[in-house]
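The figures here come from the full heavy-atom set of this structure, side chains too, leaving out hydrogens, waters and symmetry mates.
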Amino acid sequence: MFGNILIWFVVIPVIMMAGLGLCRNSSMNAIRGVMVACSTVLLGLAIWLCCDYLRLRGMGVDDEMLYTGSWMWYAPLNIHLAVGVDGISVLMLLLSAVIVFAGTFASWKINPLPKNFFLWFALLSTGVFGFFISIDIFTMFMFYEVALIPMYLLIGVWGTGRKEYSAMKLTLMLMGGSAFLMLGLLGIYWHSAPEGGQLTWNILEISHNASIAPEWQGMLFCFTFVGFGVLGAMFPFHTWSPDGHACAPTAVSMLHAGVLMKLGGYGCFRIAIFLLPQAANELAWVFIVLTGISIVYGAFSACVQTDLKYINAYSSVSHCGMVLFAILMLNTTAMTGAILQMLSHGLMTALFFALIGMIYGRTHTRDIRQMGGLMKIMPYLGVCYMIAGFASLGLPGLSGFVAEMTIFFGSFQEADLFHRCFVIAATCSIVITAVYILRVVGKLLLGPVQDEHHLALTDATWFERLSTVTLIVCIAGIGCFPNWINETIQHSFAPIIAAIQGGVI
C-alpha cells in the first residue's frame, strides 16, 4: 500500500497531526516547524507527481487512470480503498498543496490554541487530498465528510463576528447536501452491477460495465448534482457560503474557498456527469438556469457589500457558478475552461482571503468605508490586492482571463438559442465584476487616508510575503503559460465525452 505515491497524500497529513499531537500548545516554534515541514513535503510531492504524470503521458501511457491501487476495506459491501488519478485529479492535488502551504504561513500567528487549530486544519487537508485520489465512491464520500466536519470548529472557535451562527448554518446546509448526495451514491451503487455481476463502488467499473436505467438516472442525477452543488455554492443553496467565509479565520477561508468548494465541481464532473450521462444530457438545462443565476446574482451581490470578506464571498459564488455552468455545457472546450476556472479561482480567492486577513489584522476592520489610502501605508499588500483584483476581473496575463475566455468560447459552441442567451447573460458578469473590483481598489487603496491611526501601520512580514508570492507566481504562471495545463488534462476528457455522447438518446 505505502509503495503507491497517492497514499502519501493522506499519510503525510496524518503524520502532520501526529507531530502536532506531540507538541506542547505553548511551543509555537515546534508547531510551526511541523506544519512547514509537512506542507513543504506535500507541495514537493504534488509537483513531482505532476511532472511524472506528464512524463508518463509523453511516453504514450494512455490508461484512463494512473498510479492506481486497490485494497479491500469491507468485503460484505465490496468497499475498497481504491486510488488513481487522471490529469484533473493531479491538478487538484497540486492546487490543494499550494494552498495548504500558503495557508500555513498565513496563519503564522494564529491565536488562541494554535496547536488545536492546526490539528483541525490538518484533518481538513486529509479529507481534501483523500477525496481527489479516490476512485471508490464510498471512500470518496468518506473523505468528503472528513473535509466538512472540521469546518464547524474551525469557524466556531477561531472565527470572527457571528461565528457560532455561521458555523452552524454552514454545517447544517452542507450536511443537508450530504444527505442528498448519499441517496444518489447509494442509488448508483445498487444499480452498478452488470447483469449477473457484482455490485461495486468503483467509478471505473461502473462507467465501463453498469447500465443504469433511464428512469433511475434522472432522479440519481438530481440527487448527486444538488448534493455536490450545495458545496459548489449553487443557487439557491449558496446562502451558507458568504456567512461562512466572512466569519472563518484566514487560512480556513483560503482552504475552504480555494479547495473545499472545488470538491463540489469535481464531484459533479466525476460522478454526476460521468456516471449518469443520459440524465446529464436531458436535465443539464435545469441546472444551467440555476448556475446562470449564481453567476449574475453573485456578481451583483458583491457590488453592494461593504465588508471585504463578504465581497469576496459573493464573488466566489459567481466564479464557482461559472465552473458548474461550464461543466453542464458537456463539451471539451467548456470543460477545459471549468478546470482552468477551478484552478484560477482557487488561487486568486486564496490570495484575496490571505490579504484580507493581513489587512484586518492591522486595521481591525473589514469595512471599506473606514479605510482608504492604504497603498501609501502598506504598498506591498496594496500591490498584491490589485493583482488579485485584476485576476478576478480577467486581466490578460493572469489566470482569470484564460479560464473565463475558455469557458465562454466553449459555452458559445452550443448553437441553440437557450444556451446562447444564458452564455450572453453569464458574460455580462465580467462587466459587473470589473465594477465591484475597481470600486474596492479605489476605496481601499487609493485616495486620502480615512483613519489617522492607520498611518502607523506596518507592511507585510516575511512569512506573509512568502504566502502571497507563492499564490501570485501560480496565478501569473497559469495566465502566461496555460498550455501545460491543457497537456495535463487532455487525456482526461475522452472517457467522459464518450460517456456523454453515448448517453444521447
Which side-chain N or O atoms in residues 249-267 pair as donor and acceptor under 3.5 Å with protein atoms at least two apart or in another chain?
{"residue": "Ser253", "atom": "OG", "partner": "His245", "partner atom": "O", "Å": "3.2"}
{"residue": "Ser253", "atom": "OG", "partner": "Ala248", "partner atom": "O", "Å": "3.4"}
{"residue": "Ser253", "atom": "OG", "partner": "Pro249", "partner atom": "O", "Å": "3.4"}
{"residue": "Ser253", "atom": "OG", "partner": "Lys309", "partner atom": "NZ", "Å": "3.4"}
{"residue": "Lys262", "atom": "NZ", "partner": "Ala257", "partner atom": "O", "Å": "2.7"}
{"residue": "Lys262", "atom": "NZ", "partner": "His345", "partner atom": "ND1", "Å": "2.8"}
{"residue": "Tyr266", "atom": "OH", "partner": "Ser89", "partner atom": "OG", "Å": "2.8"}
{"residue": "Tyr266", "atom": "OH", "partner": "Arg270", "partner atom": "NE", "Å": "3.2"}
{"residue": "Tyr266", "atom": "OH", "partner": "Arg270", "partner atom": "NH2", "Å": "3.2"}

Is the distance between the ring centroids of Phe180 and Phe228 less than 6.0 Å?
-> no

Side chains of Tyr380 and Thr468, donor plus acceptor under 3.5 Å = yes

Residues Leu93 and Ala46: closest non-hydrogen pair is O-CB, 4.1 Å

Looking at side-chain heavy atoms only, is the closest gap between Phe493 and Ile88 below 4.5 Å?
-> yes

Kindly check if the number of other-residue, nucleotide or ligand heavy atoms within 6.0 Å of CZ (Phe409) is above 12?
-> no

Arg57 side chain vs Val61 backbone, donor-acceptor pair below 3.5 Å | yes

Does the side chain of Met375 reach to within under 4.5 Å of the side chain of Met386, using non-hydrogen atoms?
-> yes

Any ion pair linking Glu464 and Arg362 (charged N to carboxylate O, less than 4.0 Å)?
-> yes

Sorted by chain and residue number, the side chain to side chain donor-acceptor pair (under 3.5 Å) partners of His419 (sequence neighbours excluded) come out as Asp416

Can you find a pair of side-chain heavy atoms, one from Phe287 and one from Val226, that are under 4.5 Å apart?
-> yes

So, Tyr360 versus Phe353, ring centres under 6.0 angstrom or not?
-> no

Can you tell me how far CE of Met35 sits from CZ of Phe117, rounded to the nearest 0.5 angstrom?
-> 8.0 Å

Residue list, side-chain contact (heavy atoms from CB on, under 4.5 Å) with Phe274, at least two apart or on another chain = Glu64, Ile203, Ser207, Pro495, Ile496, Ala499

Can any side-chain N or O of Ser166 pair as donor or acceptor with the backbone N or O of Asp243 at less than 3.5 Å?
-> yes

Taking all non-hydrogen atoms of both residues, which atom of Met16 and which atom of Ser39 are closest, and how far apart?
-> CE-N, 4.1 Å

Over 12 foreign heavy atoms within 6.0 Å of CZ, Arg55 = yes

Return the set of residues passing side chain to side chain donor-acceptor pair (under 3.5 Å) with Tyr314 (not counting sequence neighbours), or none when no residue passes.
-> none

Please list, chain by chain and in numerical order, all residues satisfying side chain to side chain donor-acceptor pair (under 3.5 Å) with Thr427, sequence neighbours excluded.
-> none

Expected output: side-chain Ser411 to main-chain Ala326 donor-acceptor under 3.5 Å = no

Check: Thr363 and Leu457 side chains under 4.5 Å, non-hydrogen atoms = yes

Roughly how far, to the nearest 0.5 Å, is the NE2 atom of His364 from the NE2 atom of His454?
-> 8.5 Å

Is a donor on one side and an acceptor on the other found under 3.5 Å between the side chain of Thr126 and the backbone of Ala122?
-> yes

Kindly say whether the aromatic ring centers of Phe408 and Phe412 come within a distance under 6.0 Å.
-> no

Do any side-chain atoms of residues 97-104 form donor-acceptor pairs under 3.5 angstrom with protein atoms, and if so which ones, sequence neighbours left out?
{"residue": "Thr104", "atom": "OG1", "partner": "Val100", "partner atom": "O", "Å": "2.8"}

Counting only N and O atoms by type, is there a donor-acceptor contact under 3.5 Å from the side chain of Ser318 to the main-chain atoms of Ile295?
-> yes

Donor-acceptor contact below 3.5 Å, side chain Asn486 vs main chain Pro482 | no

With a 4.5 Å limit on heavy-atom distance, are the side chains of Leu42 and Trp8 in contact?
-> no

Looking only at heavy atoms, the pair that brings Leu91 and Leu343 closest together is O-CD2, 3.7 Å

Would you call Leu95 and Met342 a side-chain contact if the rule is heavy atoms closer than 4.5 Å?
-> no

Residues that Ile472 engages under side-chain contact (heavy atoms from CB on, under 4.5 Å), provided they are two or more places apart | Leu351, Cys384, Ile387

Closest approach of Gly87 to Ser492 (non-hydrogen atoms, all atoms of both residues) | N-OG, 3.0 Å

Heavy-atom side-chain contact between Phe225 and Leu328 under 4.5 Å | yes

Donor + acceptor pair across side chains of Thr349, Asn312 (<3.5 Å) = yes

Look only at the side chain of Asn331 and the backbone of Gly410, and say whether a donor-acceptor pair between them is shorter than 3.5 Å.
-> yes

Would you call the rings of His238 and Tyr297 parallel, tilted or perpendicular, where under 30° means parallel and over 60° means perpendicular?
-> perpendicular

Is Ser125 reaching over with its side chain to a backbone N or O of Phe121, donor-acceptor style, under 3.5 angstrom?
-> yes

Quick one: pull up OG in Ser429 and CG in Leu393 and give me the separation to the nearest 0.5 Å.
-> 11.5 Å

Ser301 (side chain) donor-acceptor with Gly298 (main chain) under 3.5 angstrom | no

Measuring from Leu340:CG to Ile489:CD1, what's the distance to the nearest 0.5 Å?
-> 5.5 Å

Contacts of type side chain to side chain donor-acceptor pair (under 3.5 Å), residue Thr333, not counting sequence neighbours = Gln413

State, without any angle test, whether Tyr436 and Ser315 hold a side-chain donor-acceptor pair at a distance under 3.5 Å.
-> yes

Check whether any side-chain heavy atom of Arg366 sits under 4.5 Å from a side-chain heavy atom of Thr306, and report yes or no.
-> no

With ring pair (Phe, Tyr, Trp, His ring centres under 6.0 Å) as the test, would you mind laying out the steps for Phe129 and Phe143 before giving the verdict?
-> CA-CA 8 Å; Phe129 285 114; Phe143 281 117; over 10 Å; no

Between Cys268 and Leu324 the two heavy atoms that sit nearest each other are SG-CD2, 3.9 Å

Under 3.5 Å, which donor-acceptor pairs link side chains of residues 439-446 to any protein atom two or more places apart or in another chain?
{"residue": "Arg439", "atom": "NH1", "partner": "Cys303", "partner atom": "O", "Å": "3.1"}
{"residue": "Arg439", "atom": "NH1", "partner": "Gln305", "partner atom": "O", "Å": "3.3"}
{"residue": "Arg439", "atom": "NH2", "partner": "Gln305", "partner atom": "O", "Å": "3.0"}

Shortest non-hydrogen contact from Ser96 toward Val128 | OG-CG1, 3.4 Å

Would a distance-only check, ignoring hydrogens and angles, find a side-chain to backbone donor-acceptor pair under 3.5 Å from Asn281 to Ile500?
-> yes

What pairs with Glu145 under side-chain contact (heavy atoms from CB on, under 4.5 Å), at least two apart in sequence or on another chain?
-> Phe141, Leu148, Met175, Ser178

Quick one: sort the Tyr67 and Tyr53 rings into parallel, tilted or perpendicular, breaks at 30° and 60°.
-> tilted

Going by the angle between their ring planes, with limits at 30° and 60°, are Phe105 and Trp108 parallel, tilted or perpendicular?
-> parallel

Residues which pass ring pair (Phe, Tyr, Trp, His ring centres under 6.0 Å) with Phe300, listed by chain and number, not counting sequence neighbours | none

Mind checking side-chain contact (heavy atoms from CB on, under 4.5 Å) for Trp48 and listing every partner two or more places apart, or none if nothing turns up?
-> Ile5, Asp52

